[in-house]
There are 2 protein chains.
Amino acid sequence: MKLKIKDEISEGTASRVAELFNALSDTSRILLLVALLHHERNVGSLAEMARISESAVSHHLRNLRLLHLVRARKQGRQVFYRLDDDHISDLIRSGLDHVQHG
Amino acid sequence: MKLKIKDEISEGTASRVAELFNALSDTSRILLLVALLHHERNVGSLAEMARISESAVSHHLRNLRLLHLVRARKQGRQVFYRLDDDHISDLIRSGLDHVQHG
DNA sequence: AAATTATATGAATATTTGTTCATATATCAA
DNA sequence: TTGATATATGAACAAATATTCATATAATTT
């Protein structure tokens, strides 16, 4: 079902939307989030997949956590991350879709 | 229909997805794009709605045009902009939706 | 307890980028 | 043609930010 959306929104709302998309506006973070589309993964595994240092991954995950895009689960000394909800994966899928086909 | 997406993509693909979302990662550009959700509008009207200078609007529109997010139509000395396709409005709607409800 | 492993954090740096200002181009009016 | 209007563009500056490096914390192993 497609909701109707006013063609004028508050600057505050616009700013929050921008903030959300901004979290998706970095190559490394896209690699991280795509890696989380199906399974949860720990930081080390994510670092490998995005080919950046674990420190860099940790910084990214912190931002993603603050925006509620990912959730953390600690198990022993590892921390497993997963996408916070289905809406996030839909957004990522839409972006991928737009780039690959449409 | 939900497509299955591999949980590992090339860095090139990730970079293009990031570039797409990056275009949506600025408050002014969100205000501009939301203003275009229903009607096409000229630059002056867009500047009013986003409350930034026409020059700033023009710079933003240039980037959005290069990424094929908006299309321009010249009529007399005015230039009317509209969203390039439905996929774009879906993305914006999803972002708004995520911020306002979900 | 000491050493090792996994992750987090703060500071510093380099790069990117949004806006402004000045100026350019194009179209219309007088 | 001259002047006014609408939009575009380039340079410059300030602000935001991704990564690295060094260090900290927490959990496990020896």
Side-chain angles (χ1 to χ4, degrees), chain A residues 11-12 14-36 39-82 84, chain B residues 11-12 14-36 39-82 84:
Chain A
E11 195 170 335
S15 160
R16 289 167 66 209
V17 174
E19 194 178 37
L20 166 65
F21 284 126
N22 189 50
L24 308 176
S25 71
D26 174 80
T27 302
S28 299
R29 281 195 297 271
I30 291 296
L31 289 170
L32 294 177
L33 292 168
V34 168
L36 294 176
H39 335 89
E40 63 176 11
R41 292 185 190 273
N42 64 18
V43 176
S45 153
L46 289 168
E48 273 185 46
M49 298 193 70
R51 286 182 289 284
I52 55 179
S53 72
E54 301 191 352
S55 174
V57 169
S58 214
H59 281 293
H60 283 305
L61 290 172
R62 194 170 100 88
N63 294 325
L64 294 173
R65 240 186 304 123
L66 291 176
L67 287 169
H68 303 288
L69 300 195
V70 300
R71 269 194 151 297
R73 175 178 74 82
K74 194 167 190 175
Q75 176 181 334
R77 51 187 153 188
Q78 310 189 51
V79 178
F80 288 88
Y81 282 86
R82 61 182 175 80
D84 192 286
Chain B
E11 194 170 335
S15 160
R16 289 169 63 211
V17 174
E19 195 178 35
L20 166 65
F21 284 126
N22 189 50
L24 308 177
S25 72
D26 173 80
T27 303
S28 299
R29 283 195 297 273
I30 292 296
L31 289 170
L32 294 178
L33 292 167
V34 168
L36 294 176
H39 335 88
E40 63 176 12
R41 292 186 190 273
N42 64 19
V43 176
S45 152
L46 288 169
E48 273 185 44
M49 298 193 68
R51 284 183 291 282
I52 56 179
S53 73
E54 301 191 354
S55 173
V57 169
S58 214
H59 280 293
H60 282 305
L61 290 172
R62 195 170 101 89
N63 294 327
L64 294 173
R65 240 187 302 124
L66 291 175
L67 287 169
H68 302 289
L69 299 196
V70 300
R71 271 194 151 296
R73 175 179 74 82
K74 194 168 189 175
Q75 177 182 333
R77 50 188 151 182
Q78 309 190 51
V79 178
F80 287 88
Y81 282 87
R82 61 183 174 80
D84 191 285

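Numbered from 1 within each chain, the chains take letters A, B, ... in sequence-line order.
- If you check dT19(D), dG18(C), dT9(D) against the side chain of N63(B), the one that comes closest is dG18(C).
- Considering only side-chain N and O atoms, S58(A) lies nowhere under 4.0 angstrom from the phosphate OP1 or OP2 of dT7(C).
- Residues S28(A) and H60(A) approach most closely at CB-NE2, 3.9 Å, considering heavy atoms.
- dG18(C) atom P lies 12 Å from atom CG of L24(B), rounded to whole Å.
- Side-chain atoms of S55(A) and base atoms of dT9(C) include a donor and an acceptor less than 3.5 Å apart.
- Nearest to the side chain of K74(A), among dA27(D), dA8(D), dT7(C), sits dA27(D).
- Protein atom CG of L64(B) is 14 Å distant from nucleotide atom C1' of dT17(C), rounded to whole Å.
- Side-chain proximity of D26(A) to dT20(D), dT19(D), dA8(C): nearest is dT19(D).
- The side chain of N22(A) places an N or O atom within less than 4.0 Å of a non-bridging phosphate oxygen (OP1 or OP2) of dT17(D).
- Going from atom CD of E54(B) over to atom P of dT20(C) covers 12 Å, rounded to whole Å.
- Nearest heavy-atom pair, E54(B) versus G44(B), reported as atom, atom and distance to 0.1 Å: OE2-CA, 3.6 Å.
- Enclosure of atom CZ in R16(B) is not indicated, since only 12 or fewer non-hydrogen atoms of other residues, nucleotides or ligands lie within 6.0 angstrom.
- The shortest distance between the side-chain N/O atoms of Y81(B) and the OP1/OP2 oxygens of dA8(D) is below 4.0 Å.
- An aromatic stacking contact between H59(B) and the base of dT19(C) is absent, as defined here by ring centres under 5.5 Å apart and ring planes under 30° from parallel.
- For R62(A) and dA8(C), the CZ to C1' distance is 9 Å, given to the nearest whole Å.
- Across the protein-nucleic acid pair, F80(B) atom CZ and dT7(D) atom P stand 8 Å apart, rounded to whole Å.
- Across all strands, Q78(B) comes closer than 4.0 Å only to sugar-phosphate atoms, never to a base (heavy-atom distances).
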Would L20(B) and L67(B) count as a side chain to side chain contact (heavy atoms under 4.5 Å, CB included) here? Give the steps. CA-CA 7 Å; L20(B) 166 65; L67(B) 287 169; over 6 Å; no
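- Nearer the 5' end of DNA chain D, as judged by each residue's closest nucleotide, is the contact made by A72(B), out of S28(A) and A72(B).
- Note: CG (L32(B)) to P (dT7(D)) measures 13 Å, nearest angstrom.
- Where G76(A) and I52(A) each meet DNA chain D at their nearest nucleotide, the meeting point lying more 5' is that of I52(A).
- One interatomic measurement links the two molecules: CD of Q75(A) to C1' of dT5(C), which rounds to 15 Å at whole-angstrom precision.
- Residue-to-nucleotide contacts include no donor-acceptor pair under 3.5 Å from the side chain of R77(A) to the base of dT7(C).
- Between L69(A) and R29(A) there is no side-chain heavy-atom pair separated by less than 4.5 Å.
- Going from atom CG of L31(A) over to atom P of dT19(D) covers 10 Å, rounded to whole Å.
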